[in-house]
Amino acid sequence: MRIARVDPFQPDPEPIALAADLLKMGKLVAFPTETVYGLGANALDEGAVQSIFSVKSRPGYNPLIVHVADVESARRLTAVWPQSAERLARAFWPGPLTLILPKHPIIPHAVTAGLSSVAVRVPAHPVAQALLRAAALPIAAPSANRSSEVSPTTANHVAQSLGEAVDLILDGGPTPLGIESTVLDLSGAQPVLLRPGLLSTKELEPVLKVPLQTLRELAGAAARPSPGMLNRHYAPRAALKLYRQHETDRALQLASTAKAEKRIVGALLLSSLDAPLTHPIAMPAEPGAYARLLYASLHSLDALACDLILVECPPESPSWDGIRDRLQRAATPL
Ligand code: TXA
Ligand code: MG
């Protein structure tokens, strides 16, 4: 595995050209996007796409996002391009939004896990943009971590999780947003929010002009498949316990017991917790800043060999939806 440094604002042409050549040869290249690092392969090369699944130990039923440089290229990967897609794309691309649409036959089944829809996204990160333009290919890229682990926000996280299995890592420094894109399904009769992100319903609904359904609202009804919404996900090695204000006593009790058993306790806090914590981290009170630090904090608590991580639940407001979703998926019951 090679790591090549690249300027995140003005990507150097040499490592970008090398990465593009590797992709054309069917190899895997990890690269920064504005959300998290992606593990990229030529989306039109079935063999290369299959190696993403094996390297990540990703279940074959969990489809990949296809990244392209612009709206026109995204449109060409779909069989239907509704008005809603056009409006969202014009408003939010390039950026942290993934749209699910009926797939064009050109997309191999391995990419979509056999589904008739495809996930497309135009990333904003200059390195991702430069790579897409140099390779002149659609790039299938899940987050560059082993399946169910915490996503990588630095090249180092990628190297630690995937090591020699990646042919090249483009190191463009820490990713600016820190959690994965918002995933919106536009393939059915009504738009459905499959994965919340930093772009929240508050920003999406005025552009969509119709209310966005959430998966929870759909559950029980004619639920459409959402293969990637496996329950435990984005999880550190340590047990992560999410506590609300009224559960503070329980959090204190867990910390005391752990301390008595000489276990290492980390915490992500928004207010102070009067407990015997080994590695407390004070998190920012603003969702953008919190998201940027979230995965790096979980990776560092894992590196400090924490057995338990206590996490104070962030506010209920829509701008925190993406963060709460990731924390809930990483958590085990209190
Ligand atoms: O920010 C991101 O989205 C990052 C960067 C690298 O772009 N990528 C990422 O990919 O988070 P991944 O594979 O970790 O998550 C993709 C999610 C999964 O939950 C998957 O199930 C869902 O998108 N997905 C992909 N195609 C789908 C489809 N056709 N229908 C429903 N869900 C789909
Ligand atoms: Mg992922």
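Note that the structure is a prediction, hence the values are computed from the model and not measured.
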Listed once per pair and sorted, the side chain to side chain donor-acceptor pair (under 3.5 Å) pairs that draw on [range], sequence neighbours left out:
| range | result |
| --- | --- |
| residues 34-44 | Thr33-Thr35, Glu34-Arg121, Thr35-Arg121 |
| residues 257-269 | Glu261-Arg263 |
| residues 102-120 | none |
| residues 287-305 | Glu180-Tyr295 |

Exercise for the section: Return yes if some donor-acceptor pair links the side-chain N/O of Arg250 with the main-chain N/O of Leu254 below 3.5 Å, else return no. Expected result: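 Pair absent, no side-chain N/O of Arg250 close to backbone of Leu254.
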
Practice task
Check side chain to side chain contact (heavy atoms under 4.5 Å, CB included) between Pro315 and all other residues, then give those that pass, not counting sequence neighbours.
Solution key: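 Result, side chain to side chain contact (heavy atoms under 4.5 Å, CB included) vs Pro315: Leu270, Ser317, Trp320.
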
Practice task
Kindly give the cluster partners of Phe9, where membership spreads through any ILVMFWY side chain lying under 4.5 Å from a current member.
Solution key: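 In the cluster with Phe9 there is nothing else; it is isolated.
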
Handout entry: Non-hydrogen atoms of Leu64 and Ala119 that approach each other most closely
Key =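 In terms of heavy atoms, the two residues are closest at O-CB, 3.9 Å.
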
Problem - Closest approach of Pro94 to Pro123 (non-hydrogen atoms, all atoms of both residues) - result: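 Of all heavy-atom pairs spanning Pro94 and Pro123, the closest is CB-O, 3.5 Å.
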
What side-chain donor-acceptor pairs closer than 3.5 Å can you find for residues 73-84, not counting sequence neighbours?
{"residue": "Ser73", "atom": "OG", "partner": "Asp70", "partner atom": "OD1", "Å": "2.5"}
{"residue": "Thr78", "atom": "OG1", "partner": "Arg75", "partner atom": "O", "Å": "2.7"}
{"residue": "Trp81", "atom": "NE1", "partner": "Glu86", "partner atom": "OE1", "Å": "2.6"}

Exercise for the section: Check the pair Glu203 / Ser200 against side-chain hydrogen bond (donor to acceptor under 3.5 Å, both in side chains), numbers first and verdict last. Expected result: CA-CA 6 Å; Glu203 289 119 305; Ser200 75; 2.7 Å; yes

Practice task
Taking side-chain hydrogen bond (donor to acceptor under 3.5 Å, both in side chains) as the test, write out the residues that go with Arg2, two or more places apart.
Solution key: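 side-chain hydrogen bond (donor to acceptor under 3.5 Å, both in side chains) list for Arg2, sorted by chain: empty.
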
Partners of [X] by salt bridge (charged side-chain N to carboxylate O under 4.0 Å, His left out), sequence neighbours excluded?
| X | result |
| --- | --- |
| Glu312 | none |
| Asp325 | Arg329 |
| Glu286 | none |

Problem - Qualifying ring-ring contact (aromatic ring centres under 6.0 Å, His included) pairs with a residue from residues 238-282, counting only residues at least two apart or across chains - result: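 Non-adjacent pairs meeting ring-ring contact (aromatic ring centres under 6.0 Å, His included): zero.
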
